[in-house]
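See below for the structure under consideration.
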Amino acid sequence: MARFDNRRTYKKDLYTRNQNIRAAEVRVIDSDGTMIGVKPIAQAIALAKEQELDLVEISPNAVPPVCKILDYNRYVYEQGKKAAEAKKKQTKVTMKELRIKSRIAPHDLDVKIRQIEDFLRKKDMVRFVVVFHGRENQHKDIGMQILNDTAKRLELATVDGGLQQMGNRMSMTFVPKN
């Protein structure tokens, strides 16, 4: 028996409650958190109705299922708040990609390395790619040298997966150190 039925209905059926609980017996926990014990479902629903609250199935996989007597709408609201708080604390790792040619000037390479360091300070992963065009494909050792030198110069990162080569591209992925 929910008291706030005029609320949004998209989260109403998030948890099984009252007559929708299909177990014959359930382990009942009171609204203040005290264990009442294993009761037949009809008796557990009657206990909840006496207190003008709902019987909500908290742990459906337990034997017998664990149900708690509480205000359903408040419980859904609190669970949503907890989920939002957990999502807020999650860190999103993004992958940045920087591409250069194998004939890059030393100063331009320094600028790209500074960009990589900025991304790493922001805790982003960086894929550094050397692209070869035409006859440059014959000199893959230059690209390998550029990537290895870059890896040695970056103190903020560790190399993830080593040197990778696909077609006319050679890349190295850098992960920020903790």
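Scope of the values below: all heavy atoms of this structure, side chains included, with no hydrogens, waters or symmetry mates.
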Among the clusters formed by ILVMFWY side chains lying less than 4.5 Å apart, do [X] and [Y] turn up in the same one?
| X | Y | answer |
| --- | --- | --- |
| Ile45 | Leu53 | yes |
| Leu154 | Leu98 | yes |
| Leu163 | Val131 | no |
| Val129 | Ile142 | no |

Please assess Met172 against Asn148 for the test side chain to side chain contact (heavy atoms under 4.5 Å, CB included), listing each intermediate value before the final yes or no. CA-CA 9 Å; Met172 193 174 275; Asn148 288 330; 3.7 Å; yes
Are any side-chain N or O atoms of [X] and backbone N or O atoms of [Y], one a donor and one an acceptor, separated by less than 3.5 Å?
| X | Y | value |
| --- | --- | --- |
| Asn137 | Gly134 | yes |
| Asn168 | His133 | no |
| Asp124 | Leu120 | no |
| Asp54 | Asp71 | no |
| Thr34 | Asp30 | no |

Measuring from [X]:[atom1] to [Y]:[atom2], what's the distance to the nearest 0.5 Å?
| X | Y | atom1 | atom2 | result |
| --- | --- | --- | --- | --- |
| Lys112 | Ile100 | NZ | CD1 | 8.0 Å |
| Arg27 | Ile36 | CZ | CD1 | 12.0 Å |
| Asp149 | Ile113 | CG | CD1 | 8.0 Å |
| Glu78 | Asn73 | CD | CG | 11.0 Å |
| Asp110 | Ile104 | CG | CD1 | 9.0 Å |
| Glu155 | Lys177 | CD | NZ | 8.0 Å |

Considering only NZ, NE, NH1 and NH2 on the basic side and carboxylate oxygens on the acidic side, decide whether Arg99 and Glu97 come within less than 4.0 Å. yes
Heavy-atom distance under 4.5 Å between the side chains of [X] and [Y], does that happen here?
| X | Y | result |
| --- | --- | --- |
| Thr173 | Val159 | no |
| Thr16 | Pro60 | no |
| Gln164 | Met170 | no |
| Met125 | Thr94 | no |
| Leu55 | Ile41 | yes |
| Gln51 | Ile69 | yes |
| Phe128 | Thr150 | yes |
| Val130 | Arg169 | no |

Minimum-distance pair of heavy atoms, taken over all atoms of [X] and [Y]:
| X | Y | answer |
| --- | --- | --- |
| Cys67 | Glu57 | SG-CA, 3.8 Å |
| Ser102 | Phe132 | CB-CE2, 3.6 Å |
| Ala157 | Phe174 | CB-CB, 3.8 Å |
| Ser171 | Arg127 | CB-CG, 4.0 Å |

For Met95, is the CE atom crowded, meaning more than 12 foreign heavy atoms sit under 6.0 Å from it? yes
Lys123 atom NZ: more than 12 heavy-atom contacts under 6.0 Å: yes
Quick one: do Glu136 and His139 satisfy side chain to side chain contact (heavy atoms under 4.5 Å, CB included)? Show the steps, please. CA-CA 5 Å; Glu136 293 172 359; His139 302 286; 5.9 Å; no
Do Asp141 and Gln145 meet the criterion of a side-chain donor-acceptor pair at a distance under 3.5 Å? no
Taken in chain and number order and not counting sequence neighbours, the residues that satisfy salt bridge (Lys or Arg N to Asp or Glu O under 4.0 Å) with Asp118 are Arg121
